[in-house]
Number of protein chains: 2
Amino acid sequence: MRIGQLAQLVGVETQTIRFYEQQGLLPPPDRQDNGYRVYTEKHGEGLAFIRRCRILGLSLAEIHELQSYQDDPHQPCTAVNALLDDHISHVRSQITALQVLEKQLVSLRASCNDDREVEACGVLAGISEGNMHQQ
Amino acid sequence: MRIGQLAQLVGVETQTIRFYEQQGLLPPPDRQDNGYRVYTEKHGEGLAFIRRCRILGLSLAEIHELQSYQDDPHQPCTAVNALLDDHISHVRSQITALQVLEKQLVSLRASCNDDREVEACGVLAGISEGNMHQQ
DNA sequence: TTAAACTATAAAGCTACTATAAGGTCAATA
DNA sequence: TATTGACCTTATAGTAGCTTTATAGTTTAA
């Protein structure tokens with residue numbers, strides 16, 4: 001299978017595949033005489049794994065770490081679980097931060113309506129004066 | 001006031017101040033004979049405004065937009081409010097996406113415990129097989 | 001006087017791609 | 001046969017918002 005077919009199969013762009021190869025996340029495939037990359041089903045699985053990890057919000061470094069565990073299948077999987085736990089708490093703290101932020105933004109927005117001039121805008125005044133309900 | 005004092009006052013790094021100047025968010029200050037930047041209180045207010053916007057999650061482009069409104073104080077502030085409304089809905093959709101993600105991650109995590117080998121790890125199996133509870 | 005602390009510019013690094021440029025290869029068509 | 005279009009190659013730059021590094025000049029305190 002050539003790069004375009006693999007890309008279509010997994011739903012990524014061809015450059016993304018080359019990028020993953022360059023980053024060491026996908027093993028370099030064999031080449032045809034003309035230099036074209038030739039992929040196997042294994043590559044397809046590897047690429048799909050990477051994409052699912054990305055959808056879960058894992059960084060390329062974390063994916064690399066997971067791959068290193070896969071290469072040594074008889075160690076205990078505590079590290080895998082720990083990585084996921086860390087990621088979950090990271091996601092949770094992001095959610096919390098965004099919820100705080102949303103409240104600040106909504107209260108800032110409530111301090112103005114559309115019938116004013118910029119000079120008297122409650123939103124701009126709120127930002128300028130730092131009325132941002134810290135924490 | 002020199003750049004280091006301004007930086008300490010507002011709580012940013014000196015490079016960040018130079019960066020904002022370069023990006024057109026802070027007006028270029030006067031220079032001493034030796035080339036050192038000299039800042040006024042106005043610069044301090046401008047920088048604080050930028051930082052508060054950044055804390056609210058606004059992009060530099062959005063900040064630039066807000067500044068352009070400030071330069072024309074007698075137009076109606078509908079555009080300011082609209083910018084904030086857009087930002088609020090952006091934040092809300094981020095929250096929703098992260099909440100969906102959190103559920104996926106938690107259910108993935110529940111499919112394993114620490115007493116397995118990598119080979120049998122429920123987390124890795126879940127990612128590899130794509131059991132990711134779409135949507 | 002010398003060293004620490006400050007300032008300056010320019011350029012590279014970070015993440016995870018995406019886009020662009022310039023070119024080689026291949027199959028089908030006129 | 002010539003050429004068009006779709007595909008492939010590499011290399012490089014751009015995105016956001018800084019941070020880091022390199023290199024060098026200036027000021028200040030000991």
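Below, chains carry the letters A, B, ... as their sequence lines are ordered, and counting in each starts from 1. None of the values given here were measured: they were computed from a predicted structure.
In this model, the phosphate group of C:dT7 is not approached by any side-chain N or O of B:Arg37 to a distance below 4.0 Å at OP1 or OP2. An OP1 or OP2 oxygen of D:dC18 is reached within less than 4.0 angstrom by a side-chain nitrogen or oxygen of B:Tyr20. Remark: B:Thr16 is in phosphate contact with D:dT19, judged by side-chain N or O atoms under 4.0 Å from OP1 or OP2.
A heavy-atom distance below 4.5 Å is found between the side chains of A:His43 and A:Pro27. The shortest side-chain heavy-atom distance between B:Ile88 and B:Val91 does not fall under the 4.5 Å cut-off.
One interatomic measurement links the two molecules: CD of A:Gln8 to C1' of D:dC7, which rounds to 13 Å at whole-angstrom precision. The separation between A:Ile63 atom CD1 and C:dA16 atom P is 8 Å, rounded to whole Å. The nearest whole Å value for the distance from the CD atom in B:Gln32 to the P atom in D:dG25 is 18 Å. The distance from atom CD of B:Gln23 to atom P of D:dA16 is 9 Å, rounded to the nearest whole Å. Rounded to whole Å, the distance from CG on A:Leu60 to P on C:dA16 is 4 Å. A straight line from CE of B:Met1 to P of C:dT7 spans 12 Å, rounded to a whole angstrom. Distance A:Gln22 CD to D:dA13 P: 14 Å, rounded to the nearest Å. In this structure, CD of B:Gln5 is placed 15 Å from P of D:dT27, rounded to the nearest angstrom.
Minimum atom distance to the side chain of B:Ser59 is reached by D:dG17, of the listed D:dG17, D:dC18, C:dA8. Counting only heavy atoms from C-beta on, B:Arg54 has its side chain closest to D:dC18 among D:dC8, D:dC18, C:dT25. Nearest to the side-chain atoms of B:Arg31 among the listed nucleotides C:dT9, D:dC8, C:dT20 stands C:dT9. Taking every side-chain heavy atom of A:Phe19 into account, C:dA16 is the closest of D:dT21, C:dT9, C:dA16. Minimum atom distance to the side chain of B:Arg2 is reached by D:dT27, of the listed D:dT10, C:dT20, D:dT27. Taking every side-chain heavy atom of B:Asn34 into account, D:dT27 is the closest of C:dA19, D:dT27, D:dT21.
Side chains of A:Tyr20 and A:Arg51: a donor-acceptor N/O pair is present below 3.5 angstrom, by distance only.
Heavy atoms of B:Arg18 sit under 4.0 angstrom from at least one base atom.
Place B:Glu13 and A:Gly35 on DNA chain D by their nearest nucleotides, and A:Gly35 ends up nearer the 5' end.
Checked by distance alone, B:Tyr36 brings a side-chain donor or acceptor within 3.5 Å of a matching partner on the base of D:dG25.
Looking at A:Asp114 and A:Arg109, a side-chain N of the basic residue comes within less than 4.0 Å of a carboxylate O on the acidic one, giving a salt bridge.
Looking at A:Arg116, its side chain never comes within 3.5 Å of a backbone N or O of B:Pro76 through a donor-acceptor pair.
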